[in-house]
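Note: hydrogens, waters and symmetry copies are ignored here, and every other heavy atom, side chains too, is used. Note that the numbering runs from 1 along the sequence shown for the chain.
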Amino acid sequence: MLPKIIPAIMAGGRGTRLWPLSRATAAKQFLKLIGEETLFQATLKRVSDATVYGAPFVITNEDFRFLVAEQARELGVPLSSIVLEPVPRNTAAAVAVAARIVADRFGEDALLFVLPSDHAITVDDAYKSCLRSACVAAAEGKLVTFGIQPTWPATGYGYIERGTYLAKDVHAVQCFVEKPSLEKAAALLETGNYYWNSGMFLFQAASIIAELEEHAPDVLSAAHAALRGSTVDADFVRLAPESFSQAPSISIDYALMEKTANAAVVCSDFAWSDLGSWDAVWKNEEKNADGNVVKGNVTVCNTKNSLVLSHTAHLAVQGLNGVAVVASEDAVFVGRLEDAHEIGNLVKHLAADENTARLTEMHPTLIRPWGGYTTMLNGDRFQVRRLFVRPGKMLSLHKHFHRSEHWICVKGTAEATVEDRVTILHENQSIYIPEGAIHRLGNPGKIMLELVEIQTGAYLGEDDIIRVVDESGHGLLGTRGELGYRDGGS
C-alpha cells in the first residue's frame, strides 16, 4: 500500500497576465475564471479526498494570507497550515520547505505532491490513472513531473522530452526545453515525444531532500533554516526572513530537475490548462452559438469568437471578432485574443507611469479576516468604499487623526461603537464618526453586513490610524500604521 499523498499548494504567484482582474494584490488563483469556484478553491477541492490525500498545506505570501484562509473556509476544506514566504524566492526554496514539513510531520517516506494553485484540471479516470502511476514511481525514489499531451504548438509553455520507458505512463526525462518559438514548437509536436511542462511534481520527501542536498545545497540550507526559525501566528507559519532571503531565487526545474538523473515524467492526457492568458480562458469556457464567452453585465451584437466579461459597468460590444473585452471596477482591457499573451508588455507600460501604476498593483477589492472592502470612488478630500463584514465578526477599535467617516447600512445589522456609545444600525440608517473619535464596527447578525463608507478629510492614507484594541481584547494603544479595517481581528 502506498503512503498517503500530502499536497503542498503553491499560491504565492503575483501574475498580471490576466489584467485587469489579476493584480499584484489579487492574483489569478483567487479569481473565479472557470465555474463558480476560484482556481485556488478548485485546486483544494481536487485534493480533498481524505482517503487519498492528507490535509493540504499552502505556501503563499503575506499579502495573500487572508485570501487563502477565507477561500479555504468558504469551501470547508481544512488546511494543515498556511506557510508565509517573507520574500519571493521562486519554487525551489518553496519545495525545500515543503519537503522538510512533510518529512517532519508524516515521515520521510511520505509522498509530497507539489501543485500550482492556478491551473484548471479535469479530474477523471485519465487523471486518476496518471496519479497512480506517479505514486508508484515516486515511491521507488523517482522525482516525478507531469507532462501534458500537447494539443497545439504552444509557445507559452516549457516542454519535456520523454526518454526510456520505465512503467505504465512513466518515462525517464530526456531533457527539458525552454519556451520555444512557434516554428520550434511545431517541430517538437511532430516528433510525438514532447510534452508540456505542467509544473506539477510528486516525490518522496526523503528523495527530494537528498537530491537537493546534492544539487542545490544552498537552497536547502536556507529553506530549512527559515523553517527552523519560523514563528506561528494564529493559523500562519511565518518563515524567518533573514534565513529565507539567503535562498537563491531559482525554479525547481533549474535548481534540480534538469540536473538529477532520477527525473521521470508521467505522460498525461487529462485536460489541463494553466489559464495563463485571456485566450486560454476563452478556450476553456463554454461558448454560445457565435463562439462567444459572455459573463456578467454584458450585451453583444454582431460579435463572434470573443471573450466579454464584466461584473461592474455594463459592457456593450458590437461588430468585433476574436477579441477580449474585460472590465474590472477601475479598468477595462480590449485586445485581440491571439495577442493576449503579450499583455505583460501593456502592464509594464502601465506600471512605469505614476498615474497608472496603482492599476497593476492594488485591486479595488481587498479581503480581510472579518470580510473586506471595495474602493468605489476617489476624489479630492473624499473616498467612497463598500464594506462587507461576515456574521459575528468585528473590526479593531481604532481612531484616525485626519479624516472623518460616514457609515450607511445597506444590508444586515451593524453594531457601531463611537467613543463610549454603541449604536445598532439597520438598513438605510447611518452614523457619523468625527476625526479623532475612537470607533469600531461589528456584525452581530446572521447575514453578511454591507455598508457604504464615505471618508472625508485632508489625508486619507492607509497609515492614518491608531489601533486601540483587537477583536480578542488585546490592548494596542499607540500602535501605528495598522489600519483597523485592514487587519483587525487577525
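Residue V68 comes nearest to L79 through the heavy atom pair CG1-CD1, 4.0 Å, listed as atom of the first residue, atom of the second, then distance. When every heavy atom of A93 is checked against every heavy atom of A223, the shortest pair comes out as O-CB, 3.7 Å. Considering all non-hydrogen atoms of both residues, L275 and A280 come closest at CD2-O, 3.7 Å. Nearest approach of E85 to A94, heavy atoms of both residues: OE2-CB, 3.5 Å. Between G442 and L449, the shortest heavy-atom contact is O-CD2, 3.6 Å. Nearest heavy atoms, L337 versus D279: O-CB, 3.3 Å.
Side-chain atoms of V326 and W19, non-hydrogen and from C-beta on, never get closer than 4.5 Å to each other. T60 is listed as a side-chain neighbour of L84, based on a closest heavy-atom distance under 4.5 Å. Between N262 and F203, the closest side-chain pair of non-hydrogen atoms is not below 4.5 Å. For the pair S268/Y195, no side-chain contact is recorded, criterion being any heavy-atom separation below 4.5 Å from C-beta on. Between T38 and L31 there is no side-chain heavy-atom pair separated by less than 4.5 Å. The side-chain heavy atoms of N292 and V308, taken from C-beta on, include no pair separated by under 4.5 Å. Under the 4.5 Å side-chain criterion, counting only non-hydrogen atoms from C-beta, T122 is not in contact with Y127. Proximity of K179 to T155: side-chain heavy atoms (C-beta onward) are nowhere separated by under 4.5 Å.
A salt bridge links D274 and R17; the closest N-O separation between the charged side-chain nitrogens and carboxylate oxygens is under 4.0 Å. In this structure, E140 does not pair ionically with K142, as no charged nitrogen and carboxylate oxygen lie closer than 4.0 Å. A salt bridge does not link E211 to K259: none of the charged side-chain nitrogens sits closer than 4.0 Å to a carboxylate oxygen. Between R23 and E329 there is no salt bridge, since none of the side-chain N atoms of the basic residue sits less than 4.0 Å from a carboxylate O of the acidic one.
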Test side-chain contact (heavy atoms from CB on, under 4.5 Å) on L21 and K28; report intermediate values, then the result.
CA-CA 8 Å; L21 298 190; K28 70 169 181 172; over 6 Å; no
Please step through side-chain contact (heavy atoms from CB on, under 4.5 Å) for the pair I9 and Q29, ending with a clear verdict.
CA-CA 11 Å; I9 299 173; Q29 58 263 34; over 6 Å; no
Let me see the working for V317 and V334 under side-chain contact (heavy atoms from CB on, under 4.5 Å), right down to the final yes or no.
CA-CA 10 Å; V317 179; V334 182; over 6 Å; no
Yes or no on salt bridge (charged side-chain N to carboxylate O under 4.0 Å, His left out) for R385 and E462, after CA distance, side-chain angles and deciding distance?
CA-CA 13 Å; R385 285 176 168 172; E462 302 283 325; 2.7 Å; yes
Begin with the C-alpha distance, continue with both residues' side-chain angles, and end with the deciding distance and a verdict on side-chain contact (heavy atoms from CB on, under 4.5 Å) for I160 and F146.
CA-CA 9 Å; I160 303 170; F146 291 77; over 6 Å; no
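The backbone N or O of G322 lies less than 3.5 Å from no partner atom in the side chain of W282, so there is not a single donor-acceptor pair. Looking only at distances, no side-chain donor or acceptor of E450 sits under 3.5 Å from a matching main-chain atom of K411. N61 contributes a side-chain N or O that, together with a main-chain N or O of D63, makes up a donor-acceptor pair within less than 3.5 Å. Here the side chain of N443 pairs a donor or acceptor atom with the backbone of V389 at under 3.5 angstrom. Using a distance-only test at 3.5 Å, with no hydrogens or angles considered, no donor-acceptor pair links the side chain of T191 to the main chain of A187. R100 places no side-chain N or O within donor-acceptor distance of the main-chain N or O of V97, the cut-off being under 3.5 Å. Between the side chain of T260 and the backbone N or O of M257, no donor-acceptor pair lies under 3.5 Å. For the pair S133 (side chain) and K168 (backbone), a donor-acceptor distance under 3.5 Å is present. One N or O on the side chain of S117 and one on the backbone of M10 form a donor-acceptor pair closer than 3.5 Å. Between the side chain of T145 and the backbone N or O of F201 there is no donor-acceptor pair closer than 3.5 Å.
Side-chain atoms of R89 and S249 include no donor-acceptor pair closer than 3.5 Å. A donor-acceptor pair shorter than 3.5 Å can be found between the side chains of Q383 and Q455.
Between the CD1 atom in I34 and the CD1 atom in I121 there is a gap of 13.0 Å [rounded to 0.5 Å]. Taken to the nearest 0.5 Å, the OG atom of S22 stands 8.5 Å off from the CG atom of L33. Atoms CZ and CG, on F66 and L366 in that order, are 11.5 Å from each other to the nearest 0.5 Å. The CG atom of N297 sits 8.0 Å away from the NE2 atom of H311 when rounded to the nearest 0.5 Å. If you take CG on L320 and SG on C301, they are separated by 10.5 Å, rounding to the nearest 0.5 Å. Going from atom CG of L451 over to atom OH of Y373 covers 15.0 Å, rounded to the nearest 0.5 Å.
Considering R390, K393, R368 in turn, R390 is the only one that fulfils the salt bridge (Lys or Arg N to Asp or Glu O under 4.0 Å) rule with E70.
Surrounding CG of N355 are more than 12 heavy atoms belonging to other residues, nucleotides or ligands, all under 6.0 Å away.
Using bins of under 30°, 30° to 60° and over 60° for the plane-to-plane angle, the ring pair W196/W272 lands in the tilted bin.
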